[in-house]
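Numbering of ligands and ligand atoms starts at 1, following listing order. Since this is a predicted model, take the numbers as computed values, not measurements.
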Amino acid sequence: MPFTPTGYLPYDFANRRHIGPSPSEMADMFTAVGVKDLDDLIDQTVPENIRQAEPLDWGRARSEREALHQMRVTAAKNKVLRSLLGQGYHGTVTPPVIQRNILENPAWYTAYTPYQPEISQGRLEALLNFQTMVSDLTGLEIANASLLDEATACAEAMVMGHRVAKSKAKGFFVDENSHPQNIAVMKTRAAPLGIEIIVGDPEADLVPEDVFGAIFQYPGTYGYVRDFTDQIAALHAVKAVGIVSADPLALTVLKEPGAMGADIAVGSTQRFGVPVGMGGPHAAYLATADRHKRAMPGRIVGVSVDARGNKAYRLSLQTREQHIRREKATSNVCTAQALLAVMASFYAVFHGPEGLKAIAQRIHRKTVRMAKGLEAAGFEVTPKHFFDTITVNVGPLQKTVMKSAVEEGINLRPVGDDRIGITLDEATRPGTVESIWRAFGIARKDDDFTPEYRLPDAILRTSDYLTHPVFHMNRAETEMMRYMRRLADRDLALDRAMIPLGSCTMKLNAAAEMMPVSWREFSMIHPMAPADQTEGYTILIEDLKDKLCLITGYDAMSMQPNSGAQGEYAGLLTIAAYHRSRGQERNICLIPISAHGTNPASAHMAGMDVVVVNSAENGDIDVADFRAKAEAAGDKLAACMITYPSTHGVFEETVREVCDITHEFGGQVYIDGANLNAMVGLSKLGEIGGDVSHLNLHKTFAIPHGGGGPGMGPIGVKAHLEPHLPGNGLIGEEGAVSSAPNGSGSILPISWAYVLMMGGAGLTQATRVAILNANYIAARLKGAYEVLFTGHAGRVAHECILDTRPFAESAGITVEDIAKRLMDSGFHAPTMSWPVAGTLMIEPTESETKAELDRFCDAMLSIRAEIRDIEEGRMDAENNPLKNAPHTVEDLVGDWDRPYSREQGCFPAGSFRVDKYWSPVNRVDNVYGDRHLICTCPPLTDYVDTTE
Ligand SMILES: *Cc1c(COP(=O)(O)O)cnc(C)c1O
């Protein structure tokens, strides 16, 4: 290799980390695809009229060490104080066994959403533990497997309440003791739906007849601990619903919402071992009574059986979700907080019910001692009964005390202009209490150990929780570590094989990008910490915004939405606010039939009426139909929502025309940016006609999928929309869409490290190679499978759709059979049945090497040969390797009545002999699971039954 001059690395060397094929592999791929080089391929693929003129450039790409150094320097500008600001964000202690084996373990964080249950049994079990934990703590029968944050969970509960309440009232009552961000996000969500929010004191202001439901905060944001049984009964009397937003740790000592008669409980599981991280990510929960289960938003893990009758987990009730029900779905939630829910569930497994209760009691006793010290010095402390939060009347001394507290290394919360709020947590040390006293001018030792309680006797918890054996396992770390390892081994994540999911861009999540997430300067920052303590975050976020603007051609970015779907919702609200500001009433949103299900679901949430536009024969938007529908909408046209390159995996040449038509009729163009991995450095959304787009940082910008979340869905807008971006509910602005101003702030270092280490040229190269990899797969599978859609030169974009529908007729083989058979070869299936039913959508990304693409193509070709055997009568149509897939170790022993060998069944092309991935269960029965809905851990006797 030629020696390169000092200080300069050619980008194809520097970026070998992210770019799979080596230069020599690429040369072979050009031949297979039939192009001269990458330039030639891109010229054939990306239409001239959308190409950007200037190359993407912000200077030299940083090496790994340089980038990490820059991250360190930036992190050091964040000041880590003990934030006792409460408001739903608490100090917590992440057990190291969880930090190392879950949070920092690619087997967990690189997994995809568990849509293919057979290869997801590990995380499905962990999520079922989460549901069981939530269900037990709240005293409600059924819980989902996480929502995005507490405030959006409150909004989801409100809308769910609206769906299930028989009361026809328009109002919704919100406890004035709710966390401010919860109130802000519920207001945002209520407005487009015509729901009237009434904020007030539950004991004085609630008029049940005026509302379809009410939400109460428990304990309240200022510490009040109240029993809402009477309010909920009064609501039920007029057929309205009662919702409680509860701190799950408090529920270990306090009467549970279920016992108050609540219909729904929501809250955040952040303090179950998940660092505050500038506001996220952490998992919110939603639990409900059995009677409302079908109206529940989000994913629910359930128990079913596999083809051998063994217990197997799967996602249940999926027909309620946006990908099926579109604008009639229960919500738009897609990516949620799976990894964080897994962490919280392991925190409960780690501590067990006694451990959790001990933590809660310790926090409470510390709070009592702190309060006694303040009272002894003459301060007035409110409320009389509390769990972990009090407010102190300091009269004119508010600023002085807060400043002294900061000098002691502590952030306290200003309440009004004469009170100070203090919330203690698991990480509070006796020294912390003494520091608080000193801030109030009290010199005192924390030596009062009288175990006094200030919880009201009437609402102490009396029922059991976490009785399932999983919460009582031997807690030796050996056992914990092995349980985590066992579950991880059941799953197929990116650390083992390509996950070629169309539209979901499962690319490398490089170790260097992940490391800063665990640094305390990023993970221990409260989202409401004063700005002078978060300078590092500000630098990071502003620079990332600038680069994302350069990449997309937009003028401004909001980092608030914490998923792609939340970005869609925020973007459409921005459009709606813009029209309103110009005195226009526009509510029609044109959406192509091929759109992702979250698009219509989000449009509905933003109060828009969806008009569906047809696709032409070649998969493109039918421009004539688009024009006709835009014309028909006329001055009611609010927006169109298109995806570019299209969900069919081609760069449509007519995109500018579609944008022009929308603008001609006064509408705004929303371009779904989930496919941005095909565009970075080649074309800009803001230049081809987009007014607003969301970017999925957990797709294009290297944030891992976490088995179904976290994600980040920031939106970019053109300048005219900037004044209408979502406000920041925390500081009293209207229009917040998430709990925290910058969404899940603590995962932004991942995307920042990614763009720093890639540089403009590296990112552009990634795009080009992503397109090469997809075209290589299309070329290798040509003749065996038909590629459904291509551009004019016969090329696909960064993904391709294979038509597997003909095999239903010719061999009785469905797309599902193919997906399951791929598991035997050690692959996660591509996206199934979207955007066209009965097809497979494959997106390899730039990260995969030619060798891995070949392994995948070999597997696909061998599947095709097996189908041909059925077509031509050499293999039975029912009893064959496809229908029986996936094969498990159980298939290696015992009777074998199949017309093919165990060898063929278990070791098809592409599978490894030594490192063979074994699906832990045979094919999972979906129908059975929905018919016998079980969404909490089954009793241990069931486990015994199935292993016999
Ligand atoms: C992934 C995706 C979304 C939704 O993003 P989430 O982060 O899962 O909410 C929207 N549109 C398209 C085309 C997608 O692929």
Side-chain angles (χ1 to χ4, degrees), residues 112-115 145-149 152 156 280-281 297-299 315 321-323 326-327 329 331-339 499-507 559-572 591-603 605 619 621 641-650 652 670-679 685 690 692-715 737-738 743-744 747 751 770 797-799 801 830-836 841-843 845:
Y112 181 61
T113 310
Y115 285 130
S146 91
L147 290 173
L148 291 161
D149 56 35
T152 56
E156 291 290 347
R299 302 194 181 112
L315 294 178
E321 288 192 45
Q322 23 73 23
H323 56 275
R326 303 178 80 83
E327 70 265 36
S331 96
N332 71 341
V333 174
C334 185
T335 292
Q337 306 285 20
L339 185 71
I499 302 186
L501 274 157
S503 214
C504 284
T505 314
M506 299 291 292
K507 64 167 64 183
M559 290 293 187
Q560 198 171 120
N562 43 18
S563 76
Q566 285 299 94
E568 295 167 13
Y569 167 62
L572 292 173
I591 301 182
I593 190 146
S594 59
H596 196 262
T598 51
N599 289 191
S602 301
M605 279 165 57
I621 293 173
M641 274 184 111
I642 58 174
T643 306
Y644 204 75
S646 80
T647 54
H648 293 102
V650 256
E652 287 170 63
Y670 187 100
I671 307 186
D672 180 324
N675 287 343
L676 197 70
N677 211 47
M679 290 180 78
L685 294 166
V692 48
S693 293
H694 75 264
L695 316 181
N696 299 67
L697 300 190
H698 51 299
K699 296 181 181 175
T700 316
F701 294 94
I703 291 177
H705 254 70
M712 268 298 279
I715 53 173
V737 294
S738 304
S744 294
I747 51 177
S751 295
H798 65 315
E799 57 194 9
I801 298 180
T831 299
M832 246 169 50
S833 285
W834 181 76
V836 183
M841 180 157 62
I842 301 171
E843 180 185 355
T845 83

With a 4.5 Å heavy-atom cut-off, do [X] and [Y] have their side chains touching?
| X | Y | result |
| --- | --- | --- |
| P114 | L315 | yes |
| P710 | N562 | no |
| P645 | E652 | no |
| T831 | Y115 | no |
| S503 | M841 | yes |

Which residues pass the side chain to side chain donor-acceptor pair (under 3.5 Å) test with T505, not counting sequence neighbours? E843

Anything with a heavy atom under 4.0 Å from ligand 1 counts, so go ahead and list those protein residues by chain and number. C334, T335, S503, S563, G564, A565, E568, H596, T598, D672, A674, N696, H698, K699

